[in-house]
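Everything on this sheet refers to the single structure shown next.
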Amino acid sequence: QAAMFVGLVLWSIWTDAIKPRLIPADDIERVAGEIIANFADPEEEAFARHQRAWYRSDGAELTYWYRVRKAVRRGLERR
């Protein structure tokens with residue numbers, strides 16, 4: 001049982017923390033650029049998508065949208 005528990009913990013860490021950080025920065029920047037181009041309030045849209053992931057308790061998606069939110073913020077600051 002202990003081995004199963006350790007395996008479950010490692011799997012959770014992999015899927016929720018490590019794997020989302022391996023998404024290429026170019027993909028994150030592309031999505032952020034699409035949000036900036038297509039929405040009047042891009043920060044609000046990115047926040048709404050991040051919040052939806054939070055309500056679904058999807059750790060991997062939370063990390064993904066957190067990175068997109070940061071990219072949106074950086075993109076708006078460069079304007």
Side-chain angles (χ1 to χ4, degrees):
Q1 288 180 350
M4 288 179 59
F5 178 74
V6 170
L8 180 61
V9 168
L10 291 175
W11 178 257
S12 296
I13 291 170
W14 168 254
T15 58
D16 291 343
I18 298 170
K19 190 176 177 185
R21 286 177 172 73
L22 298 177
I23 296 170
D26 292 341
D27 291 348
I28 299 295
E29 291 294 331
R30 180 185 52 77
V31 172
E34 289 174 4
I35 290 175
I36 290 170
N38 295 320
F39 293 93
D41 188 355
E43 282 188 295
E44 180 66 29
E45 178 62 26
F47 175 76
R49 294 179 187 198
H50 186 228
Q51 190 175 33
R52 282 193 294 266
W54 184 79
Y55 281 119
R56 287 191 301 270
S57 299
D58 188 340
E61 194 174 351
L62 269 168
T63 303
Y64 175 81
W65 286 111
Y66 175 75
R67 290 180 62 197
V68 171
R69 284 180 63 198
K70 285 185 3 183
V72 166
R73 198 172 304 125
R74 282 191 310 269
L76 292 175
E77 287 173 357
R78 282 182 278 197
R79 282 183 157 184

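Everything quoted here is computed from the prediction, not taken from an experiment.
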Subject >> Heavy-atom side-chain proximity of V68 to R49 below 4.5 angstrom >> reply: no

Original post:
When hydrophobic residues are tied together by side-chain contacts of less than 4.5 Å, even through go-betweens, does I35 share a cluster with F47?
Top reply: no

Subject >> E45 side chain reached by V72 side chain, heavy atoms, under 4.5 Å >> reply: no

Subject >> Atom pair CG (L62) and CZ (R67), whose distance is rounded to the nearest 0.5 Å >> reply: 13.5 Å

Original post:
In Å and rounded to the nearest 0.5 Å, what is the NZ to OH distance from K19 to Y64?
Top reply: 13.5 Å

Original post:
In terms of hydrophobic clusters joined by side-chain contacts under 4.5 Å, are L22 and I13 together?
Top reply: yes

Original post:
Do I18 and V9 share a hydrophobic cluster, counting only Ile, Leu, Val, Met, Phe, Trp and Tyr and linking them when any side-chain heavy atoms are less than 4.5 Å apart?
Top reply: yes

Original post:
Which distance, rounded to the nearest 0.5 Å, do you find between the CD of E29 and the CD of E34?
Top reply: 12.0 Å

Subject >> ILVMFWY network linking I28 to Y66, side-chain heavy atoms under 4.5 angstrom >> reply: no

**OP:** To the nearest 0.5 Å, tell me how far E44 CD sits from Q51 CD.
**Re:** 8.5 Å

Original post:
With a 4.5 Å limit on heavy-atom distance, are the side chains of R52 and E61 in contact?
Top reply: no

Original post:
Could you go step by step and tell me if I36 and L76 meet the side-chain contact (heavy atoms from CB on, under 4.5 Å) rule?
Top reply: CA-CA 8 Å; I36 290 170; L76 292 175; 4.3 Å; yes

**OP:** Provide the closest heavy-atom pair for A71 versus R78 in the form atom of the first, atom of the second, distance.
**Re:** O-NH2, 4.5 Å

Original post:
Out of curiosity, does F5 fall in the hydrophobic cluster containing W14 (side-chain heavy atoms, cut-off under 4.5 Å, transitive links)?
Top reply: yes

